[in-house]
Amino acid sequence: MEVRKLQNYINGEWVASESNELEEVRNPAWDKLLCHVPMSTQTEVYRAVQAAKDAFPEWRNTPPVTRCRYLLRLIELMEERFDELSRVQTTEHGKTIDESRGETRRAIEMVEVASGIPSLMQGFNLEDIAVGIDEYAIYQPLGVFCTLAPFNFPFMVPLWYLPFAIACGNTFIVKPSPRAPMSQADLFMLFDEVGLPPGVVNLVNGATDVANNLMEHPDIQGVTFVGSTPVGRIVYRKCGEAGKKVIAQTGAKNFIVIMPDAELDSSMASLMSSFFGNTGQRCLSGANALVVGDDAFYKRFADKFVEAAANIKVGDGLDESVQMGPLQNVASKQRVAGVIERGIKEGAKLALDGRKLNLVGDVPETCFLNPTVFENVTPDMSLAREEIFGPVASLLRAKDLDEAIRIINGIPYGNAASIYTTSGKWARQFQHDVEAGNVGINIGIVAPMSFFPFGGRKDSFFGVTHGQGRDVIRFFTDPKIVIQRWF
Ligand code: NAD
């Protein structure tokens, strides 16, 4: 496979970066070099912002229905290249090809929903707020927005924002994750074919410096960020100081409560997918299974859980038989191995040790871990409280649902929480009381569809409106209020 050198896409053209600072991206399954990604210069960032700024007046005056036709063309191209787009995600990230197909499908759905913008961005009005006076709200675009993307859904996450932003009449800059930048490069090849006016969408590769240059630029109206909580805090503060709008969707530590009436056999597949899908590198991954019930029920659950986890096939995600791929890079594997070590020292019981590798085929061990399960985890342990972002599950116990909810609400994150039960009463109590932005009832991965906002509370979200759906349309527009009287 040819080693690519990624370029930036600025003002409707592919341009090689002038930077000689390059980072390597390797395929985590085979430890093979895939591409070099440039850490673009400030001048290049500023060029992209200027291009987006220059494109804005004409783009915002383009009727929404015309703007959407570009998105409809993009959808066609995404469908045509569905397999290639999915393969590249697996190649640079490591997730299974089936997970990548799911990511591509979700990404397309974002564009589909955004292409309804002529209906979705309409304002509202009231005749006769006083005698002979009418008032109305028009939602207007604001200018240039950007996104700072994470590595774990390299194709989909920028599309939580980009199609909505441009459908509303804004122009946009994507800064992909330097760890997995190829998916966005391939997406922008499609934008190039779509023939959007130059400057409407731009791609600038890089890491923290590029992010800072974007956040500090006075012509950027707002920033969307998806990534870890510590970085999200920095982004939120910087954007606040600079008076910019911001959505920061951040880290997670998701609990899954197993009630004593849960249907264990039919739930196990969705639990495995929640805890170990995407190799645990999802902000919606299950991390802590919190089991309510007596010793016999707990044992029945733990035995089934450990057995199912031990049977997950781990290997190259491009192999259709594989159910879990590698961690995305060596540093991630080392970090997660360190977490396992610390868990043992904290006194948890290692019921399944994923460091003992059992891999499909002859892939090198470089980035792989098998599923790991800890038992006897208590809510005060770092295992239970800190985001691991790897294939490590912790089993905890609670005496009843009240205690389970107290434990969940006592940790700093609030991205997702699920309950497995056959009781409507328990499900309703859980939905009502749990402090999480996305709640699952017999659902292990609570991924909101593109037409709903993506929730998140406490340290899992900083901002006001969320990504996706109507929320993100409000983010990318500002209501202008008009009050009129005619003499
Ligand atoms: P990260 O925070 O390391 O990086 C995210 C982005 O921020 C990247 O583009 C990176 O280049 C940039 N960045 C890194 N340091 C920066 C700094 N100091 N200043 C400005 N920008 C900086 O996150 P990651 O490891 O790529 O992604 C994994 C994290 O993302 C996990 O914590 C996961 O839970 C979270 N995530 C959250 C959601 C959600 O919806 N809440 C979705 C996906 C991922």
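Order of listing sets the numbers, starting from 1, for every ligand and every atom in it.
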Asks: Of the choices P448, P150, G206, G227, which has the non-hydrogen atom that lies closest to atom 35 (C) of ligand 1?
Replies: G227
Asks: Identify whether the distance between the nearest side-chain nitrogen and carboxylate oxygen of E13 and R47 falls below 4.0 Å.
Replies: no
Asks: With a cut-off of 4.0 Å, which atoms of ligand 1 are near a heavy atom of N152?
Replies: 43 (C), 44 (C)
Asks: Using only heavy-atom distances, determine whether the side chains of E346 and S382 contain a donor-acceptor pair under 3.5 Å.
Replies: yes
Asks: Checking contacts here: is it the side chain or the backbone of Y413 that comes within 4.0 Å of ligand 1, counting heavy atoms only? Could be both or neither.
Replies: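 None of Y413 does.
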Asks: Within ligand 1, which atoms have a heavy atom of A211 less than 4.0 Å away?
Replies: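 That gives atoms 20 (C), 21 (N) of ligand 1.
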Asks: Between F389 and ligand 1, find which residue part has any heavy-atom pair under 4.0 Å and reply side chain, backbone, both or neither.
Replies: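 It is the side chain that gets close, since no backbone atom is under 4.0 Å.
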Asks: Within the 4.0 Å heavy-atom shell around S228, which atoms of ligand 1 are there?
Replies: 1 (P), 2 (O), 23 (O), 29 (C), 30 (O), 32 (O)
Asks: Check for me whether the distance between the ring centres of Y161 and F145 falls short of 6.0 Å.
Replies: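 Y161 vs F145: aromatic centres not under 6.0 Å.
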Asks: Answer yes if the side chains of S332 and N329 hold a donor-acceptor pair under 3.5 Å, and no otherwise.
Replies: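 Indeed, the side chains of S332 and N329 share at least one donor-acceptor pair under 3.5 Å.
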Asks: Taking 4.0 angstrom as the limit and counting only heavy atoms of K175, give me the atoms of ligand 1 inside it, by number and element.
Replies: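 Close to K175: 8 (C), 9 (O), 10 (C), 11 (O).
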Asks: Does ligand 1 have a heavy atom under 4.0 Å from the side chain of A149, from its backbone, from both, or from neither?
Replies: backbone
Asks: Using a strict cut-off of 4.0 Å, indicate which atoms of ligand 1 neighbour a heavy atom of W160.
Replies: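 Those of ligand 1 that fall under 4.0 Å from W160 are 40 (O), 42 (C).
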Asks: Taking atom types as modelled, is there a side-chain donor on D459 or T229 under 3.5 Å from an acceptor on the other?
Replies: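 No.
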Asks: F454 heavy atoms, cut-off 4.0 Å: which ligand 1 atoms fall inside?
Replies: 40 (O)
Asks: Rounded to the nearest 0.5 Å, what separation is found between the CZ atom of R26 and the CD atom of Q328?
Replies: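 If we round to the nearest 0.5 Å, R26:CZ and Q328:CD are 12.0 Å apart.
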Asks: Run through L159, N278, V226 and flag the one making a side chain to side chain contact (heavy atoms under 4.5 Å, CB included) with F153.
Replies: N278
Asks: Answer with yes or no whether the side chains of S86 and S100 bring together a donor and an acceptor at under 3.5 Å.
Replies: no
Asks: With rounding to the nearest 0.5 angstrom, report the CD to CH2 distance, Q7 to W14.
Replies: 7.5 Å
Asks: Answer side chain, backbone, both or neither: which part of V231 comes under 4.0 Å from ligand 1, heavy atoms only.
Replies: side chain
Asks: Testing I441, N438, V439 one by one against V446 for a side chain to side chain contact (heavy atoms under 4.5 Å, CB included), which residue passes?
Replies: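 In the set I441, N438, V439, the residue that makes a side chain to side chain contact (heavy atoms under 4.5 Å, CB included) with V446 is N438.
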Asks: Suppose I only count heavy atoms of P178 and a 4.0 Å limit; which atoms of ligand 1 are within that range?
Replies: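 Contacts of ligand 1 toward P178, numbered from 1: 11 (O).
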Asks: For atom 43 (C) of ligand 1, which candidate among V226, I234, N438 holds the nearest heavy atom?
Replies: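 Nearest option to atom 43 (C) of ligand 1, by heavy atoms: V226.
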Asks: Please walk me through it: do Y236 and T250 pass side chain to side chain donor-acceptor pair (under 3.5 Å)?
Replies: CA-CA 11 Å; Y236 192 55; T250 51; over 6 Å; no
Asks: Below a 4.0 angstrom heavy-atom separation, can you tell me which part of C283, side chain or backbone, both or neither, approaches ligand 1?
Replies: both
Asks: Please check if a non-hydrogen protein atom sits closer than 4.0 Å to atom 4 (O) of ligand 1.
Replies: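 No, no protein heavy atom sits under 4.0 Å from atom 4 (O) of ligand 1.
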Asks: Is Q281 touching ligand 1 with its side chain, its backbone, both, or neither, if touching means heavy atoms under 4.0 Å apart?
Replies: neither
Asks: Which is closest to atom 19 (N) of ligand 1 in terms of heavy atoms, D209, N213, T208?
Replies: T208
Asks: Just heavy atoms, cut-off under 4.0 Å: does F225 contact ligand 1 by side chain, backbone, both, or neither?
Replies: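 Only the side chain of F225 comes within reach of ligand 1.
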Asks: Classify the contact between N415 and ligand 1 as side chain, backbone, both or neither, using a heavy-atom distance cut-off of under 4.0 Å.
Replies: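 Under 4.0 Å from ligand 1, N415 contributes side-chain atoms alone.
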